[in-house]
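Shown next, in structure tokens, is the structure this report addresses.
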Amino acid sequence: MADMIKLTINSIPVEVPQGSTILDASVKAGIRIPTLCFLKEVNEIGACRMCLVEVKGARGLMAACVAPVSEGMEVCTNSEKLREYRKMTLELILSNHRAECTTCSRSTNCELQTLAVEYSVDDKYFSPSGLEPDIDDSAIHLIRDNSKCILCRRCVSVCRKDQHVGVIGAISRGFNTHIGSAFDMPLSSTSCINCGQCVQVCPTAALTVRDDTDKVWAALADETKHVVVAPAPSVRVQLGECFGMPMGTNVEGKLAASLRRMGFDGIFDVDTAADMTIVEEGTELLNRLKEGGALPLITSCSPGWVKFCEHYYPEFLPNVSSCKSPQQMFGALTKTYYADKMGLDPKDIFVVSVMPCTAKKFERTRDDQSASGYPDIDVAITTPELANMIKRSGIVFEELPDETFDPIFGIASGAGHIFGATGGVMEAALRTVAEIVTGKPLEKLEFHEVRGTEAIKEAEFDLAGTKVRVAVVSGLENATKLLNSVKEGKAHYDFVEVMACPGGCVNGGGQPNVPGYIQNTKDVKAIRASALYGEDAKMGLRKSHENPVIKEIYETYLGEPGGHKAHDILHTKYVARKIYEDR
Amino acid sequence: MSKSTVPFAGTQEQKVELQNYIQEHGSEPGALLPTLQKAQDIYGYLPIEVQEMVALGLNIPLSEVYGVATFYAQFSLSARGKYKISVCLGTACYVKGAGEILERVMDELGIGYGECTPDGKFSIEECRCLGACGLAPVMTINSEVYGRLTPDMIPDILAKY
Ligand code: SF4
Ligand code: SF4
Ligand code: SF4
Ligand code: FES
């Protein structure tokens, strides 16, 4: 164990391991020091000067987020001087910020605004300062408005360090400094993988998710359309946050009820499609193990990961499962199986997915994602976009009764449920594959080895004599490490789960924004994931292949898992892309 | 930051020279800055093609390369022409209408400030006071000085080159 250091924060004695920062120590003392640029393990650059503190005997003020503690240190975080200083820092930022808080989409959930109010920054700094919007709206999933950027560089760091993509950076110097892509290219011309992690970490409205709710409203108002909706697994444990509920609250029942009240014609569940994905992907794995296809088989449900692989590791494309993601399977089956069953023309069906993910907005537009001849998915909206629609519909979410999804495509197993957390797809697949291989019901359904938020998780299972080596990674920096070791022959796996976002969908780019100080002090991913696992444990139906809806779809429509028709509807292709365009 | 309007005309020799440098020094800590200096020595400027070579060679994102290239004033992103035109924008020249002179030069050449004509002939460059305030407004083409300019004189002057 590391040596412990004793110090005081505002006269409160604390003890922290050597190497901790003053900010760490203050958290332990129960004191909040305001921060803007700091994001633990992502952006530790001491740039914004919000977190300045006084240290007895030190010459200047210190940035608490990067200053290490030392024995006997006496720290003061709350003096007249510091409060003045912080206010000045905020005024300086705001004097170059196109403030329009009345209509801004981040209002009431903006770290800059929160601090400005907290420090009673003079109104004059909020008045229009003649700044013009500075917008890049070229990308399909997000919009950048640099007139609201405070140059904290969290987006730059997360894109480079967590995601190993690095398509944005700080450009130029002095007053001209701004965040953008190389040669100020529009983001859409770069190898951005649409993960939205940059949006997740942005403290202001400089980065926002593209709002596609207009298309949903229009479809709902169109009498000729049969409008169907389904939320992804992790949406139900996050949506509550948009209504002030504690993190990790499962609101599945209220979610179904609210969708019904908004007038959707079919209230379905992407969890059901997740079960379908498991049966198809499990079959693919077994086939590859038996017949010697490319191994490791790598999961394909995360479109950020798929695009990353296409750009940066095209040599691994044969390894990526040809299964469509649950979103696309849901859309494909709605416009084929469901249309058939209900006697609907697929052209009249409008399919909306509610996703934790900005890359789903891109995935929907990929080639070979129109099983019925029409796009599998018409619109993909994110969790906060749905929350906004619920509010605008006048629905009092908190008071809704619990309802269920429509049974025709709304019954799901616990396995489908845990898709939203890193390791969930793997565990779900193992439950199914193990039973198929051994031919016996599993005694223990939990695969704890693949749970948790560690960077890379590995395990080996003996399934009736067949050894299956698996690995689970989330965050593309971690995926890069794993792929490199496979490439160099240092690691051997049969089945690998990759999620683009660190922690999986519960930390997706399309989830509600969490203020930096909460990201810095709480394990957001673990809290959100625990709600999914908790729900799974309570369920009677916990294996994808036992889902009665899935069974019925195979029996009455698709035929065999991995069969011809299943392939036509539920599988897709990938393309090798370049990092830089040809010149 | 203005981009190059000149088509990139790097040679295989230049590429090899840069790659050799990267091979030798690319793994040293802080390699980016010296590599960019080397690249600018070789090519004279740092167009996207060259910055991509640096990014790939050092295995760092292009955005980072571009960030450094735009941070330091020593780097030029644009090719420089055979004839480098500087219109003095010092106070004396400015009040005597240097703005219109610059405007006219840009119009005549069809390029912006800091850019180079596609044929590589002219570039318009940054310029501090030339100390020839008595002749305001002043412009130089390479080392040739032209004073007491009016916009209408520009076409004739350019035609000499
Ligand atoms: S980003 Fe924040 S401070 Fe800026 S306009 Fe929006 S709410 Fe206001
Ligand atoms: S969406 Fe992801 S890849 Fe694209 S800029 Fe943001 S963090 Fe980088
Ligand atoms: S876009 Fe957002 S995260 Fe990126 S530097 Fe600006 S304020 Fe920070
Ligand atoms: S300098 Fe510490 S939070 Fe920005």
Side-chain angles (χ1 to χ4, degrees), chain A residues 45 47 134 136 139 144 146 149 151 153-193 195 197-198 308 311-313 476-477 480-481 483-484 487 578-583, chain B residues 1-12 14-15 18-19 22 27 30-33 35-37 39-40 43 45-79 112-116 118 126:
Chain A
I45 58 173
D134 182 2
D136 175 2
R144 169 178 288 280
N146 272 342
C149 172
L151 296 173
R153 297 176 200 214
R154 289 183 187 179
C155 56
V156 173
S157 297
V158 85
C159 188
R160 275 188 200 159
K161 283 166 64 182
D162 280 9
Q163 298 302 64
H164 201 89
V165 173
V167 288
I168 44 175
I171 298 168
S172 200
R173 63 177 172 275
F175 200 71
N176 292 324
T177 310
H178 62 282
I179 309 294
S181 310
F183 288 82
D184 291 287
M185 271 184 259
L187 189 62
S188 59
S189 320
T190 69
S191 44
C192 164
I193 53 134
C195 69
Q197 283 299 304
C198 51
F308 180 82
H311 279 296
Y312 296 87
Y313 286 93
L476 295 170
E477 173 64 29
T480 300
K481 288 187 191 137
L483 293 177
N484 286 344
K487 221 158 107 172
K578 297 196 163 150
I579 303 179
Y580 306 120
E581 285 164 35
D582 282 327
R583 278 175 229 294
Chain B
M1 192 54 61
S2 44
K3 278 159 242 182
S4 176
T5 49
V6 187
F8 180 61
T11 63
Q12 191 58 29
Q14 287 174 314
K15 191 170 174 177
L18 179 59
Q19 281 170 346
I22 290 173
S27 52
L32 178 53
L33 195 57
T35 306
L36 281 177
Q37 280 158 344
Q40 175 146 305
Y43 289 95
Y45 70 118
L46 299 173
I48 189 163
E49 293 82 359
V50 174
Q51 292 194 34
E52 277 180 9
M53 283 185 233
V54 173
L56 288 169
L58 298 177
N59 196 17
I60 53 178
L62 182 62
S63 67
E64 200 171 332
V65 177
Y66 184 71
V68 171
T70 54
F71 186 83
Y72 294 99
Q74 54 173 299
F75 296 121
S76 165
L77 267 65
S78 179
Y113 188 66
E115 293 180 353
C116 181
E126 199 176 330

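Chain letters run A, B, ... following the sequence lines, proteins first, then strands; residues in each count from 1.
Looking at A:Tyr580, its side chain never comes within 3.5 Å of a backbone N or O of B:Ile48 through a donor-acceptor pair.
The two atoms that bring B:Ser63 and A:Gly169 nearest to each other are CB-N, 3.9 Å, heavy atoms only. In terms of heavy-atom proximity, A:Phe183 sits nearest to B:Leu46 at CZ-O, 4.0 Å. Nearest heavy atoms, A:Met185 versus B:Leu62: CE-CD2, 4.2 Å.
In terms of heavy-atom pairs under 4.5 angstrom with chain B, the leader among A:Gly180, A:Gly166, A:Gly174, A:Ala170 is A:Gly166.
The shortest side-chain heavy-atom distance between B:Tyr66 and A:Asp184 falls under the 4.5 Å cut-off.
Looking at A:Val165, only its backbone comes within 4.5 Å of chain B, counting heavy atoms on both sides.
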